A.B. asks: 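Quick one: the structure is below, and I'll ask about it shortly.
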Amino acid sequence: MGMQTLTLFGSPHPISQNAVVPRHAMSRSSETSFPTLTTISISFSQLQDKNADLSFKIEEGFGPNGLGILSVTDVPGYSSLRRNLLHLAPRLANLPKEVKEDLEDPHSRYNFGWSHGKEKLESGKPDILKGSFYANPILDTPTTEASLIQRYPSYCRSNIWPRNALPELEVAFKALGKLIFDIGLMLAYHCDQYVSKGMKIHKDEGLESILHRSRCHKGRLLYYFPSQQGVPDGNSLSSWCGWHTDHGSLTGLTCSMFTRDGVEIACPDSAAGLYIRTRNNQIVKVVYGKDDIAYQIGETTEILSGGYLCATPHCVQAPKGEESSGIERSTFALFMQPDWDEKLNFPEEVHIHKELIPSNAALTFGEYSEMLLDKYYHQKQ
């Protein structure tokens, strides 16, 4: 796929070094010192049309001068599927302790089933504020091959569902995950059309093909427990989710749902939400509609697209102030990523994770991601 020309995130694409955030989309709110931008959006009907030329929008959202995110609007059936699943997050999180323990899978490094307090915050303390439920919404059992399950437990182990305690979770999780996946594939097709204008994409090596044949996709239902004292480290910009860049291909995101005592409410702090660090090191707050699906580019896509599609670091800030006391937040992300056997050819000079990856390395996605997990997750335990 013309790997010799690509650059990884951390080494700005030549045309992005002087990137500027588009002013037309920018506003400043009195509650935050950072500009607020609305994502570039594409309607479902546009996305569905394979003959539509969406290159300009893809470039605006995902290109070297973009924010690494865009949103898809007017997706039929999406809003009810989102609501159905996010309303189940508090119910899952409040199941009896022994039920949740049965949903844990330490062998997968808690990458299947229930996870709470297993991740660490930027401060190094265990993150007890949020709980996560992970499952592959496309395949319950990605493989039955024992050697693969042992080698890549984060991807190859089977889903664990609370079929007795909360049977509706499996149905809602798979329905929303599959929809976000299908829309993501449509978006990947148009990403390939854009990238192919600048570099040759060999047959079956485009983003759409890679994601279509993968068995590695992973959904994450996130629930942030209500805090009576407000959020610890509430003054930190990354108080709800630390700065990171997704290492997969494409991440589908729902808009968060906020509740207090089980009743849906608007977010009480307009400064709370998603923040992105742009390619020229500017921090901006990014917003999109409640009924839109947002998609973010991951590092792997940046590698495979030769830097035509770019990943950006991002974090999430929790609501602050008295009004944030007792607030629950639920959200869902679908990590679309290559198969564990998919070969990734790295360039001679790697600027991210360079301490892990030798020059001109050819690793499978499974090998690459396990190396990252070993260094940045497992060894912290």
Side-chain angles (χ1 to χ4, degrees), residues 5-27 34-44 46-47 52-73 180 183-199 201 206-208 211 243-253 255 273-289 292-316 333 335-336 351-352:
T5 63
L6 56 81
T7 41
L8 287 173
F9 164 76
S11 170
H13 193 288
I15 68 169
S16 71
Q17 287 175 331
N18 300 311
V20 292
V21 175
R23 292 277 163 193
H24 64 83
M26 188 181 293
S27 65
F34 299 104
T36 297
L37 280 77
T38 301
T39 55
I40 299 298
S41 66
I42 298 174
S43 72
F44 173 76
Q46 286 178 303
L47 202 64
D53 184 357
L54 301 180
S55 297
F56 180 70
K57 293 222 171 187
I58 298 291
E59 183 170 17
E60 267 196 299
F62 290 158
N65 295 341
L67 293 173
I69 186 170
L70 58 72
S71 57
V72 180
T73 64
I180 293 176
I183 302 297
L185 285 183
M186 292 182 191
L187 183 58
Y189 168 84
H190 289 284
C191 286
D192 289 339
Q193 301 307 300
Y194 165 67
V195 171
S196 67
K197 292 183 176 184
M199 62 182 276
I201 299 179
L207 183 61
E208 183 190 21
L211 294 178
W243 283 102
H244 68 286
T245 307
D246 296 346
H247 76 266
S249 297
L250 197 60
T251 303
L253 299 168
C255 208
L274 178 66
Y275 287 80
I276 285 174
R277 190 184 298 278
T278 68
R279 304 289 288 187
N280 65 333
N281 224 26
Q282 184 182 10
I283 294 174
V284 297
K285 182 173 186 285
V286 176
V287 295
Y288 53 95
D292 299 350
I293 310 174
Y295 288 89
Q296 284 186 290
I297 289 291
E299 292 169 2
T300 305
T301 291
E302 181 158 343
I303 297 167
L304 297 179
S305 72
Y308 281 98
L309 305 170
C310 296
T312 47
H314 48 278
C315 72
V316 181
F335 301 101
M336 298 173 67
H351 297 277
I352 190 167

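The structure displayed is predicted, hence computed values, not measured ones. As a basis for the values below, the full set of heavy atoms in this structure was taken, side chains included, without hydrogen atoms, waters or symmetry mates. One is the number of the first residue; the rest follow in order along the sequence.
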A.B. asks: Which atom names give the shortest non-hydrogen contact between Ala333 and Thr251, and what distance separates them?
C.D. replies: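 Where Ala333 meets Thr251 most closely, the heavy atoms are CB-CG2, 4.3 Å.
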A.B. asks: Do Leu54 and Tyr194 make a side-chain contact, defined as non-hydrogen atoms from C-beta onward lying under 4.5 Å apart?
C.D. replies: no
A.B. asks: Could you walk me through whether Leu47 and Tyr189 pass the side chain to side chain contact (heavy atoms under 4.5 Å, CB included) test, one step at a time?
C.D. replies: CA-CA 9 Å; Leu47 202 64; Tyr189 168 84; over 6 Å; no
A.B. asks: Could I get the full list of side-chain hydrogen bond (donor to acceptor under 3.5 Å, both in side chains) partners for Thr300, not counting sequence neighbours?
C.D. replies: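 Not a single residue meets the side-chain hydrogen bond (donor to acceptor under 3.5 Å, both in side chains) criterion with Thr300.
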A.B. asks: Taking only residues two or more places apart in sequence, or in another chain, which ones meet Gln193 in a side-chain hydrogen bond (donor to acceptor under 3.5 Å, both in side chains)?
C.D. replies: none
A.B. asks: Please test Arg279 against Thr312 for side chain to side chain contact (heavy atoms under 4.5 Å, CB included), starting from the C-alpha separation and ending with a verdict.
C.D. replies: CA-CA 7 Å; Arg279 304 289 288 187; Thr312 47; 4.2 Å; yes
A.B. asks: Does Ser196 have any side-chain hydrogen bond (donor to acceptor under 3.5 Å, both in side chains) partners at least two apart in sequence or in another chain, and if so, which?
C.D. replies: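 If we apply the side-chain hydrogen bond (donor to acceptor under 3.5 Å, both in side chains) test to Ser196, skipping adjacent residues, there are no hits.
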A.B. asks: Flag the pair Gln296 / Ile276 as yes when at least one side-chain heavy-atom distance between them is below 4.5 Å, and no otherwise.
C.D. replies: yes
A.B. asks: Which residue pairs satisfy the salt bridge (charged side-chain N to carboxylate O under 4.0 Å, His left out) criterion with at least one member in residues 184-198, sequence neighbours excluded?
C.D. replies: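 For residues 184-198: Asp53-Lys197.
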A.B. asks: With sequence neighbours excluded, tell me which residues meet ring-ring contact (aromatic ring centres under 6.0 Å, His included) with His314.
C.D. replies: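 Listed in chain order: His244.
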A.B. asks: Which residues pass the side-chain contact (heavy atoms from CB on, under 4.5 Å) test with Phe44, not counting sequence neighbours?
C.D. replies: Gln48, Val75, Pro76, Ile183, Met186
A.B. asks: Compare all side-chain heavy atoms of Ser305 with those of Leu207 and state whether any distance is below 4.5 angstrom.
C.D. replies: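 A side-chain contact is absent here, since even the closest heavy-atom pair is not under 4.5 Å.
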